[in-house]
**Student:** 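A single structure is presented below for examination.
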Amino acid sequence: MRRKLVPVVALTMACLLVVTAACSTGNRKKRNRSADRPAGTAVERDDVDTARATPTPRPTGDRLSCLELRNTLVGSRKVRYRGHAAPIRLADGRWSGPDGTTVELQRPCAVGDLDGDGAGDAVGVVVLDGGGTGRFFTLAVWRNVRGEPDYQAQVDLGDRTPVESVSVRDGRATVVYLTRPADGPMAELSIRRTAVYQLRGTTLAELRHTDARVTDASGDGDTADSGTAPDSPDSPTRKRRPRSR
């Protein structure tokens, strides 16, 4: 009887060992799958977080052209033009007041990004003529707001200081105009000034300027070589007054 029990007991123990090994292997596989699942989930979450963290490009709006300045506003409630409480609207580049005062858009103009939002802003020149000898030049900036010009900042260039060119590069505006020494006569335009400006909110701040002597200009506010910066081919034109000989 004992001889019969020994093989049975041995067979039973062998079966138990096989079953135990199989169960152990299965448990290890389950543990591995459980360990892999959170890692996979973490990768998926990282992908989602990365997608959410990627900034959406800011819309830059439609292109703004110099031609649009011919029928836009000069001045604003915050930035008054020459003391006007309300903005004035140009019509085909010109405005006339009841007292005979005129405001005229000049030819030099340029388009480029001045406020860092990726949209091209416009820099132009307007002149106020009160009917006397004075002709007051102003460098003005219109921001690009969804493709429409919005008057943003200005700087006074002085009386009878005609602008020869305007350009925009690297977020800064450069203007070349004729002027005179502080103690010089008004009829004398003996300095060609190149000034660089930066837009700071509603202020057009001068960063620097350089002066060169000129002898080929008169003091009537018009110059033979006044024109548009090369990077603004769509600048508006205006009729030039005949110069006296």
Side-chain angles (χ1 to χ4, degrees), residues 61-112 114-115 119-168 173 175-179 186 195 197-206 219-223 226-229 232 234-241:
D62 298 329
R63 176 176 170 79
L64 186 64
S65 69
C66 290
L67 188 62
E68 294 176 72
L69 302 184
R70 294 184 63 80
N71 296 283
T72 191
L73 295 176
V74 176
S76 67
R77 298 291 181 180
K78 292 183 179 180
V79 183
R80 294 187 177 184
Y81 172 72
R82 295 289 178 182
H84 286 265
I88 62 175
R89 180 172 290 279
L90 299 177
D92 197 22
R94 186 180 175 86
W95 173 88
S96 298
D99 59 351
T101 299
T102 62
V103 175
E104 189 176 5
L105 182 69
Q106 303 297 285
R107 182 180 179 185
C109 175
V111 174
L114 289 174
D115 55 7
D121 309 300
V123 184
V125 181
V126 289
V127 174
L128 182 143
D129 189 339
T133 58
R135 301 186 74 229
F136 301 94
F137 285 73
T138 299
L139 183 69
V141 171
W142 288 265
R143 284 187 65 243
N144 185 338
V145 179
R146 294 181 294 277
E148 297 294 332
D150 183 61
Y151 200 84
Q152 180 72 15
Q154 63 188 12
V155 62
D156 179 19
L157 298 180
D159 180 10
R160 283 164 281 180
T161 53
V163 176
E164 294 186 332
S165 68
V166 178
S167 61
V168 176
V175 56
V176 179
Y177 65 101
L178 301 180
T179 185
M186 294 300 296
Y197 294 90
Q198 185 175 48
L199 183 63
R200 298 173 181 172
T202 57
T203 301
L204 198 56
E206 181 180 311
D220 62 357
D222 286 313
T223 59
S226 64
T228 304
S232 55
D234 52 358
S235 299
T237 58
R238 66 184 180 90
K239 294 182 179 180
R240 302 259 315 274
R241 297 183 307 174

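Bear in mind that the values here come from a model prediction, so they are computed numbers and not experimental data.
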**Student:** Step by step, work out the side chain to side chain contact (heavy atoms under 4.5 Å, CB included) result for Glu68 and Thr72.
**Tutor:** CA-CA 7 Å; Glu68 294 176 72; Thr72 191; over 6 Å; no
**Student:** Answer yes or no: is there a side-chain heavy-atom contact under 4.5 Å between Asn144 and Pro149?
**Tutor:**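 They are not in side-chain contact.
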**Student:** Run Arg94 and Thr102 through side chain to side chain contact (heavy atoms under 4.5 Å, CB included) and show every step you take.
**Tutor:** CA-CA 7 Å; Arg94 186 180 175 86; Thr102 62; 3.2 Å; yes
**Student:** Measuring only between side-chain heavy atoms, which start at C-beta, is Tyr81 closer than 4.5 Å to Gln154?
**Tutor:** yes
**Student:** Taking all heavy atoms of Phe137 and all of Val125, pick out the closest pair and write down the distance.
**Tutor:**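 It is CD2-CG1, 3.9 Å.
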**Student:** In the structure I gave you, are the side-chain heavy atoms of Leu114 and Tyr197 within less than 4.5 Å of one another anywhere?
**Tutor:** no
**Student:** Would a 4.5 Å heavy-atom cut-off, applied to side chains only, mark Leu139 and Leu204 as touching?
**Tutor:**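 Yes - at least one pair of side-chain heavy atoms lies under 4.5 Å apart.
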**Student:** Checking side-chain contact (heavy atoms from CB on, under 4.5 Å) against Gln152, which of Val145, Leu199, Asp121 comes through?
**Tutor:** Leu199
**Student:** Please give me the minimum heavy-atom distance between Arg160 and Gly134, naming the atom from each residue.
**Tutor:** NE-CA, 4.2 Å
**Student:** Measure the CD-CG distance between Gln106 and Leu69 for me, rounded to the nearest 0.5 Å.
**Tutor:**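 These two atoms lie 12.5 Å from each other.
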**Student:** Is the backbone N or O of Arg135 less than 3.5 Å from a side-chain atom of Asp129, with the two atoms forming a donor-acceptor pair by type?
**Tutor:**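 Not confirmed, Asp129 side chain does not pair with Arg135 backbone.
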**Student:** To the nearest 0.5 Å, how far apart are CG in Leu178 and OG1 in Thr161?
**Tutor:** 8.5 Å
**Student:** A side-chain contact here means heavy atoms from C-beta on lying under 4.5 Å apart; do Leu157 and Val163 qualify?
**Tutor:**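 Leu157 reaches Val163 side chain to side chain.
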**Student:** Can you check whether Ser65 reaches Val111 side chain to side chain, under 4.5 Å on heavy atoms?
**Tutor:**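 Ser65 vs Val111: side chains apart.
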**Student:** So, the side chain of Trp142 versus the backbone of Ala153: is there a donor-acceptor pair under 3.5 Å, distance only?
**Tutor:**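 Here the side-chain-to-backbone pair does not exist.
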**Student:** Of the non-hydrogen atoms in Pro87 and Gly75, which two are nearest, and what is the gap between them?
**Tutor:** CB-O, 3.3 Å
**Student:** A side-chain contact here means heavy atoms from C-beta on lying under 4.5 Å apart; do Leu105 and Arg70 qualify?
**Tutor:** yes
**Student:** Within this structure, what is the CG-CZ distance for the pair Asp115 and Arg143, rounded to the nearest 0.5 Å?
**Tutor:** 4.5 Å
**Student:** Drop me the distance from Thr138's OG1 to Arg82's CZ, to the nearest 0.5 angstrom.
**Tutor:** 4.0 Å
**Student:** Where do Arg89 and Trp95 come nearest, in terms of heavy atoms and distance?
**Tutor:**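 So the minimum-distance heavy-atom pair works out to O-CD1, 3.5 Å.
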**Student:** Would you mind telling me which of Val79, Thr202, Val123, Thr203 makes a side-chain contact (heavy atoms from CB on, under 4.5 Å) with Val141?
**Tutor:**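 That would be Val123.
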**Student:** With a 4.5 Å heavy-atom cut-off, do Leu73 and Tyr151 have their side chains touching?
**Tutor:**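 Leu73 vs Tyr151: side chains apart.
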